[in-house]
2 protein chains.
Amino acid sequence: MTNIREGIRDITQFEEPDWLLFREALTGRQIGKGQFLMQPGDTCRHIHFLQTGLLRSFYLKEGEEWTVAFSLENSFCTDLKSLRSGQPSEIGIQALEPSTLLSISKSDLITLYQQSHQIEAFGRRLLEALLEEQEEYLSWFRLYSAKERYDFMLQKHPALLQRVPLGQLASYLGIRRETLSRIRGLRA
Amino acid sequence: MTNIREGIRDITQFEEPDWLLFREALTGRQIGKGQFLMQPGDTCRHIHFLQTGLLRSFYLKEGEEWTVAFSLENSFCTDLKSLRSGQPSEIGIQALEPSTLLSISKSDLITLYQQSHQIEAFGRRLLEALLEEQEEYLSWFRLYSAKERYDFMLQKHPALLQRVPLGQLASYLGIRRETLSRIRGLRA
DNA sequence: GCGAATGTGTGACAAAAGTCAAAAAGCTAC
DNA sequence: GTAGCTTTTTGACTTTTGTCACACATTCGC
């Protein structure tokens, strides 16, 4: 339970009473390699904090899976669109490695937001950080070639490349497996 | 001053005292066509609410301007990265049409967040909506061709296409002017 | 009005990435 | 270890998009 406390502390100050309130709402969970936290079509009702392991979120397009996010240890994972709307999700979430999670339900979180200004502030700051990250990631696609996007990935998450199948990394970069394979061949 | 009140009400409930507090911090401003709200290298210290007009945010890459966002009436505009870090921005913001703005400084906003839980909740929900929009927009780039991105634009913001020079629209879609010109030629 | 910017469209060609097919390399389960 | 699976690589070819050059159109200042 310590990891998430650290993760929150990085983002905002949490007084002890807020933390106790928050902790109360968390549910622990384990999930095996290859298992699904949710399938496309499910409605997303939780935000997950990944303690250990690795998750991928993917979108289905014409029967093919396109990875839209990898979630690393000590990060949060959900499908914001479905969570907010209450509608079925277009996203699935799968564990690429055995993973341990702490999850909080949407309804509990809404209650916490109302009960505690500090927790609300935490939510806001977390979203700010996510949006900033997303903006950077978007610029990869607007401004740079497949090769450059791969190089950024090498810089930013070198370890991830060893943990993820090439096909899924390719789809995350918005390209075909074959293209990524060729890009990697260049630097041999 | 009524527009922004509506804009906020769409996102969250604001009681009268919160609104008065918030309004206190707003500064009105007009800006002519072609003028810059900020230049790349400036540090971003405000969030702007666009009452009327049209703004574009752009990024410089090898001397070329790449539009990263258009801001329409009744929407918020800032550079989140520079605003959060206090570092010089890589982004410039220019008025494409004569525009009227209401602006709030970062320091005032931080104070407001601390003073009012409701205002903090507003900030969080606004960020949620922005992040959801950004996620959708990112999927355009990962999954779809230049032509398809243009078609999405036609669906989502048909009016905008009449107000924006083709070159800027092209850079927003991550393609060259010539390519966009050809895409448009197809549907003649 | 006129001329200079600025913005847009077209053509010929080059580069990047996708497609399809098949071979090579890695894993897994007996 | 080996058969059977999945993943990755390679090759030939196609499609998409970029590049460069230039013609045409529009806007704006004067």
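Naming: A, B, ... by sequence-line order, numbering from 1 per chain. On a predicted model such as this, the values are computed, not experimentally measured, just so you know.
A:S145 comes within contact range of the sugar-phosphate backbone alone, with a heavy-atom separation under 4.0 Å but no base atom that close.
Overall, the helix from C:dG1-D:dC30 to C:dC30-D:dG1 carries an axis bend of 50° between its ends, with five pairs at each end and the value rounded to 10°.
Rounded to whole Å, atom C1' of D:dT17 lies 15 Å from atom CD of A:E148. The distance between atom CZ of A:R177 and atom C1' of D:dT8, rounded to the nearest whole Å, is 10 Å.
When only modelled atom types and interatomic distance are considered, B:T52 and B:T100 share a side-chain donor-acceptor pair under 3.5 Å.
For the pair A:R184 and D:dT9, the criterion of a side-chain N or O lying under 4.0 Å from OP1 or OP2 is met. Not one side-chain nitrogen or oxygen of B:T179 sits closer than 4.0 Å to the OP1 or OP2 atom of D:dT17.
With hydrogens and angles ignored, the 3.5 Å screen pairs no side-chain donor or acceptor of A:T67 with any backbone N or O of A:F58. In this structure a side-chain-to-backbone donor-acceptor pair under 3.5 Å is missing from B:Q168 to B:P165.
On the nucleic acid side, DNA chain C contacts chain A at distances under 4.0 Å to non-hydrogen atoms, with the end points of that region at C:dA17 to C:dC20.
Across residues 163-175 of chain A, A:P165, A:L166, A:G167 each have a non-hydrogen atom less than 4.0 Å from an atom of DNA chain D (numbered order).
Salt-bridge formation is not detected for the pair A:R125/A:E128: no Lys NZ or Arg NE/NH1/NH2 atom is positioned less than 4.0 Å from an Asp or Glu carboxylate oxygen.
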